[in-house]
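Have a look at the structure below, then the notes.
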Amino acid sequence: MGDTPVHGSVRLTEEQILLRDAVRVLADERVAPRAAEVDRDGEFPQDIRRLLAEHDVFAIPFAERHGGLGADLLTLALAIEQLSRACATTGLMLAVQALGAIPIQVGGTEEQRDRWLPGLASGERLIAFGLTEADAGSDPGGIRTRAVLDGDEYVIDGSKRFISHASVADYVVVFAVTNPEADKPSRRLSAIVVETDRPGFRVTRLEHKMGLRGSPTAELAFDGVRVPVGNRLGAEGQGFALAMQTFERSRPGIAAQAVGIAQGALEAAAHYATQRRQFGRPIGDLQMIQAMLADMDASTEAARHLLYTACQEIEAGSPASARWAALCKLVAGDAAMRVTTDAVQVFGGYGYVEDYPVERMMRDAKITQLYEGTQQIQRLIVARALLAGS
Amino acid sequence: MRILVLTKPVPDPAANAERLGADLRLDRAASPTVVNGNDEYALEAALQLVEVHGGEVAILTMAPPNAIETMRKALAMGALRGVLVTDPALAGADLPTTVRVLAAAAAAESFDLLLAGLDTSDGTGGAVAAGIAARLGLPLLSAAARIEPDPAAGRVRVRRLSARGYDLLEAPMPAVISGTQALGTPRYPSLKGIMAARSRPIVTKTLADLGPGLAPEGGAWSSRVLGVEKPPSRAAGRMITVPAAEAAREVADYFVERRLI
């Protein structure tokens with residue numbers, strides 16, 4: 001398909017275009033042919049992980065001194081978008097690596113960054129982000145996992161649920177209660193990097209999901225896991241703030257995944273409309289199909305532009321970063337769901353079967369309305385920002 | 001080892017946007033370009049050779065000035081520098097001129113091997129490598145499927161594709177080698193390679209930089225395109241719908257009738 005149109009207030013730099021196009025070629029030629037298999041097999045595609053590592057795709061969100069490309073948030077979003085256009089599981093691989101690294105980049109000391117980030121930038125190591133628990137999803141105030149200081153070690157007990165990549169990761173950034181007596185729930189948590197080979201760390205189950213089936217989502221148990229105090233990111237009690245700061249930079253990644261999924265579905269539907277013949281002509285000649293395709297394109301492009309603007313605002317340090325992150329995730333997630341549902345409609349019965357990619361894209365799209373904050377939480381953030389300013 | 005690879009920008013077959021100019025030659029500004037496929041195979045072989053033997057790969061291109069963008073793609077794969085010969089007088093250059101100019105540009109570089117694709121997907125002349133070898137008085141090893149240099153001995157051995165398998169050719173270096181996809185699949189540039197390629201040098205040379213006697217006499221090329229015709233469309237294929245065993249016999253008979261087997 002043609003070049004992703006770029007106009008309006010967002011002009012991509014030459015560097016952003018080069019990197020985006022390189023990732024697009026990888027996505028089209030190497031990732032897309034594996035997408036259906038990855039979905040069917042439900043196994044984490046290590047071959048694709050190696051592919052991304054070999055071509056420095058994991059390096060995008062890391063500083064050059066850590067072996068990264070030193071690219072900005074928009075460049076990361078462009079890469080996630082291109083990967084997700086072919087395979088949402090693959091897009092998430094990059095998004096989660098970036099997500100897990102943000103608390104280290106934002107809250108870590110120089111020593112901690114040097115210790116963990118180079119392995120993540122090269123893709124040799126994978127990281128996961130462990131916030132959610134069975135009874136603490138939208139409300140991290142309900143987190144029960146405890147980390148108790150014992151000499152120069154924390155002893156962690158508890159469990160986590162819905163943790164992407166935790167079963168294949170080398171590290172999990174665990175958010176645990178270290179200050180239960182703090183006056184506010186938001187001051188009770190600390191972020192601690194837990195190496196997954198530590199005794200007492202266990203993956204207790206993997207979820208069977210509707211979509212993103214190649215991306216493992218794990219339930220974790222921590223039974224007296226001992227971790228050096230030097231693995232804590234930032235000060236004690238800063239975990240909640242660190243998680244919220246992380247979401248300001250990670251939600252655009254999910255929005256990018258959503259835009260990519262929508263774009264993939266749009267392209268598949270437009271192509272199908274030129275091939276499928278009914279009433280003696282391609283269904284693309286029918287105005288009802290044309291209207292659906294036009295609406296799909298409009299939704300996708302609108303979401304894309306909000307995403308690109310949000311990335312630039314956040315990168316520039318906008319005081320409204322939380323709002324921008326929530327806005328782009330909200331709009332892109334809803335666009336992806338609508339566009340993929342309509343893509344299935346354009347395909348008719350063929351859209352409902354595995355022979356074509358759109359049913360997979362529709363299943364994959366749904367998660368973008370759920371994780372890294374449900375759409376309802378995004379609205380809450382946007383409304384709060386709006387009302388606080390009035 | 002120093003390896004010079006000819007890399008020609010050709011119209012991107014995926015873009016399907018070739019147009020003819022007023023002179024009935026390809027309008028090179030009309031279509032996005034990519035590195036010629038066979039040249040990419042040669043470049044991949046060159047990169048693998050320096051990975052084993054050390055040294056550097058440089059690329060040489062004769063094209064309009066906008067070729068730099070396409071050359072960057074070759075640099076992103078791992079070539080360290082580029083030479084672009086570009087001159088308004090070269091627009092529409094024919095094969096002998098191309099050979100003369102590229103030979104002069106190559107002679108200004110020092111190399112152990114000059115690699116090129118067997119032909120290019122736009123011109124399909126397939127004579128440039130041979131022409132350069134002839135002009136420079138160097139051995140030509142064509143249709144290479146594998147290249148095995150022995151830098152210590154100053155010799156190179158090539159497996160050349162032949163109708164019956166391989167011919168083994170050996171020659172002293174420097175030598176000119178042409179090849180096809182049998183040389184191996186070109187690598188995807190890594191993102192770091194792409195970033196590094198932006199700062200790798202591409203030297204631009206004009207005809208005057210390469211010395212006298214290269215421009216066409218009187219400014220006119222020795223060949224002109226008089227007319228263009230589309231090839232006749234192919235007749236519909238013959239469908240064989242009988243059971244497999246019978247079909248196999250029919251297919252075999254078809255080939256035998258035409259003395260193909």
Side-chain angles (χ1 to χ4, degrees), chain A residues 1-3 12-33 47-48 50-72 75-80 82-83 86 90 94 97-98 118 121-124 267 271, chain B residues 7 9-19 29-37 39-41 43-44 47-48 51 59 65-82 84 121 181 184-202:
Chain A
M1 297 303 282
D3 212 31
L12 300 186
T13 64
E14 186 197 350
E15 180 181 312
Q16 285 165 338
I17 292 169
L18 275 172
L19 294 176
R20 177 198 66 189
D21 291 352
V23 174
R24 191 210 312 261
V25 170
L26 275 184
D28 282 349
E29 296 182 8
R30 302 287 299 276
V31 177
D47 58 325
I48 292 190
R50 280 192 298 276
L51 179 80
L52 300 190
E54 277 166 21
H55 293 86
D56 309 319
V57 176
F58 286 123
I60 291 172
F62 294 91
E64 285 178 49
R65 68 176 180 283
H66 296 126
L69 285 167
D72 61 2
T75 307
L76 174 65
L78 294 169
I80 295 172
Q82 291 306 323
L83 294 174
T90 303
L94 175 56
Q97 189 80 335
S122 71
E124 208 175 308
E267 289 174 16
H271 178 71
Chain B
T7 50
V10 295
D12 182 354
N16 204 10
E18 293 100 327
R19 301 276 179 281
S31 172
T33 58
V34 293
V35 178
N36 176 51
D39 294 346
E40 247 186 341
Y41 301 125
L43 176 58
E44 175 62 36
L47 294 169
Q48 288 183 21
E51 276 164 16
I59 57 172
N66 63 3
I68 283 183
E69 198 188 321
T70 308
M71 291 176 78
R72 293 254 175 246
K73 291 176 189 164
L75 295 178
M77 286 173 66
L80 290 182
R81 62 188 181 87
L84 170 63
S121 62
Q181 73 266 24
T185 310
R187 64 196 63 193
Y188 290 87
S190 71
L191 300 187
K192 285 184 189 171
I194 290 167
M195 299 305 286
R198 299 177 68 209
S199 55
R200 289 187 180 149
I202 296 177

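Naming: A, B, ... by sequence-line order, numbering from 1 per chain. As a basis for the values below, the full set of heavy atoms in this structure was taken, side chains included, without hydrogen atoms, waters or symmetry mates.
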>> Could you check whether any side-chain N or O of A/Asp56 sits under 3.5 Å from a backbone N or O of B/Lys192, counting only pairs where one atom can act as donor and the other as acceptor?
In response: yes
>> Let's go through A/Leu18 and B/Arg72 carefully: what are the C-alpha distance in whole Å and the side-chain angles of both, what is the deciding distance for side-chain contact (heavy atoms from CB on, under 4.5 Å) to 0.1 Å, and is it a yes or a no?
In response: CA-CA 10 Å; A/Leu18 275 172; B/Arg72 293 254 175 246; over 6 Å; no
>> Is A/Leu19 in contact with chain B via its backbone, its side chain, both, or neither, using a 4.5 Å heavy-atom distance?
In response: both
>> So for atom CD, which belongs to B/Glu69, do other residues, nucleotides or ligands contribute more than 12 heavy atoms lying within a distance under 6.0 Å?
In response: no
> Could you state the interatomic distance from CD (A/Glu64) to CE (B/Met195), rounded to the nearest 0.5 Å?
Replying inline: 7.5 Å
>> What I want to check is whether the side chains of A/Glu54 and B/Tyr188 have a donor and an acceptor closer together than 3.5 Å.
In response: no
> Yes or no on side-chain contact (heavy atoms from CB on, under 4.5 Å) for B/Leu191 and A/Val23, after CA distance, side-chain angles and deciding distance?
Replying inline: CA-CA 8 Å; B/Leu191 300 187; A/Val23 174; 4.2 Å; yes
> By a 4.5 Å heavy-atom criterion (distance strictly below it), what part of B/Arg187 contacts chain A: side chain, backbone, both, or neither?
Replying inline: neither
